[in-house]
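Okay, structure first, notes after.
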Amino acid sequence: MDDPTRMLSGLTGLSGLGQADVGDPDAVRKQALGQPQQDIGDILQQIMAITDESLDEAQARKHALNCHRMKPALFSVLCEIKEKTVLSIRGVQEEDPPDPQIMRLDNMLLAEGVSGPEKGGGSAAAAAAAAAAGGSPTDSSIEHSDYRAKLAQIRQIYHSELEKYEQACSEFTNHVMNLLREQSRTRPISPKEIERMVAIIHRKFSSIQMQLKQSTCEAVMILRSRFLDARRKRRNFNKQATEVLNEYFYSHLSNPYPSEEAKEELAKKCGITVSQVSNWFGNKRIRYKKNIGKFQEEANLYAVKTAVDAASVSAQASQANSPATPNSGGYPAPCYTPDGRL
DNA sequence: ATACATGATTTTGA
DNA sequence: TCAAAATCATGTAT
């Protein structure tokens with residue numbers, strides 16, 4: 001980017017027709033053919049030399065060339081040659097369709113509320129989603145202000161960078177277009193050629209933009225996983241909830257697999273979701289099985305509790321004899337001893 | 001600071 | 001597709 005002139009000479013020599021003000025090429029050529037070869041060689045030499053000179057030197061030489069009597073003739077020859085070569089080159093680099101990857105990134109950024117209209121829509125939606133996902137409202141709102149702040153930060157960086165790129169792009173485009181216009185006085189450059197040049201520049205810049213978008217997406221994803229991953233905001237269930245769950249577990253120790261309906265009821269009683277109930281039972285089963293000894297005390301506690309409950313209920317009902325602990329089969333029955341050993 | 005407890009997710013196996 | 005098992009990431013007690 002530090003030497004636009006070189007890039008220009010490399011890219012613009014490819015295509016385009018002569019300019020409209022060239023006039024009839026044949027007529028001019030006849031004139032040209034009448035001149036000594038020496039002249040044309042000389043002019044060409046000078047034109048080639050322009051690219052190697054400093055801008056000031058080139059400026060002076062360009063002016064000299066413009067005033068040269070052979071200039072119109074040479075110009076027309078260049079036009080003609082160019083027209084011929086361009087036929088074989090045309091179609092080599094036609095329009096490519098909008099990059100699907102950049103579209104994907106755009107959509108993602110839009111969905112995350114990074115790009116698009118000012119804060120509101122995106123973050124509000126995210127907040128709603130987080131709230132729906134569970135967790136107490138206060139927690140999620142506290143964590144969410146943090147999340148939103150970070151997101152806003154990313155958003156701000158993204159926009160300022162994007163703006164910078166856009167500005168640089170348009171500046172560079174302008175610069176190049178001016179140069180091309182300037183050069184079009186000494187060599188034929190069609191509007192179409194300029195157009196193509198601009199397109200090339202834009203492609204280059206958009207590939208830079210894509211990198212920006214990509215890294216922004218990455219940052220947002222990391223942020224999301226940092227804040228929205230349920231594991232990271234785990235809260236223990238309250239005592240009453242665990243009590244209810246444990247009660248069910250130990251009173252169904254022979255088959256601690258609550259049905260869907262039972263789960264729903266437990267969920268309602270505990271103020272948690274059905275899948276949380278499922279998680280709890282899954283964890284409880286495996287951990288109980290893994291170390292029955294460790295849970296012995298707890299098991300006894302709940303056995304006694306349910307026994308007492310049942311006793312009081314049945315006592316109320318009919319003064320019946322005390323019910324046995326409902327423990328039979330399934331998991332290895334914990335063998336109760338008064339001191340808690342197996 | 002550390003180890004252990006616990007809810008959630010991921011992997012694995014039937 | 002469900003549950004077990006393994007694992008993760010945090011909460012909590014010491």
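Quick caveat, the model's predicted, so the values are computed rather than measured.
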Think K289(A) has a side-chain N or O under 4.0 angstrom from the OP1 or OP2 of dA5(C)?
yes
Expressed in angstrom and rounded to an integer, what is the separation of K290(A) atom NZ from dA5(C) atom P?
8 Å
Residue mapping more 5' on DNA chain C - nearest nucleotide basis, F281(A) or R287(A)
F281(A)
In this structure, how many angstroms lie between the C1' atom of dA5(B) and the CD atom of E298(A), rounded?
11 Å
If we ignore hydrogens and angles and just use 3.5 Å, is the side chain of S206(A) paired with the main-chain N or O of Q209(A) as donor and acceptor?
no
Heavy-atom nearest nucleotide on DNA chain C taken for K263(A) and for N236(A); more 5' hit belongs to K263(A)
Here the distance between atom P of dC4(B) and atom NZ of K294(A), to the nearest Å, is 10 Å
Quick note, Q276(A) side chain, CB onward, closest among dA8(B), dT6(B), dA3(C) is dA8(B)
Taking OP1 and OP2 of dA8(B), is either one under 4.0 Å from a side-chain nitrogen or oxygen of N279(A)?
yes
Would you say E265(A) has more than 12 foreign heavy atoms packed within less than 6.0 Å of its CD?
no
So for the helix from dA1(B)-dT14(C) to dA14(B)-dT1(C), with five pairs setting each end axis, what is the inter-axis angle to 10°?
0°
Between F281(A) and Y248(A), does the ring centre distance come in under 6.0 Å?
yes
Using the side-chain heavy atoms of R234(A), tell me which of these nucleotides is nearest: dA3(C), dT10(C), dA6(C).
dT10(C)
Closer than 4.0 Å, any side-chain N/O of Y288(A) to the OP1 or OP2 of dA5(B)?
no
Rounded distance (Å) that lies between atom P of dA6(C) and atom CG of N291(A)
14 Å
Just the rounded figure in Å: distance from P of dT11(B) to CD1 of I286(A).
17 Å
Starting at atom CG of L245(A), determine the distance to atom C1' of dT6(B), rounded to an integer number of angstrom.
12 Å
Are N255(A) and H252(A) close enough that some pair of their side-chain heavy atoms sits under 4.5 Å apart?
no
May I ask you to check whether Y250(A) and F295(A) place their ring centres under 6.0 Å from each other?
no
Between R235(A) and dG7(B), is there a side-chain N or O to OP1/OP2 distance below 4.0 Å?
no
When the distance from CG of N255(A) to P of dC2(C) is rounded to whole Å, what number comes out?
17 Å
Whole-Å distance separating the CG atom of N283(A) from the P atom of dG11(C):
16 Å
What is the nucleic acid contact for K284(A), judged by heavy atoms within less than 4.0 Å: base, sugar-phosphate only, or nothing?
nothing
Test item: E163(A) side-chain N/O and S160(A) main-chain N/O as donor-acceptor pair under 3.5 Å:
no
Identify whether the distance between the nearest side-chain nitrogen and carboxylate oxygen of K192(A) and E195(A) falls below 4.0 Å.
no
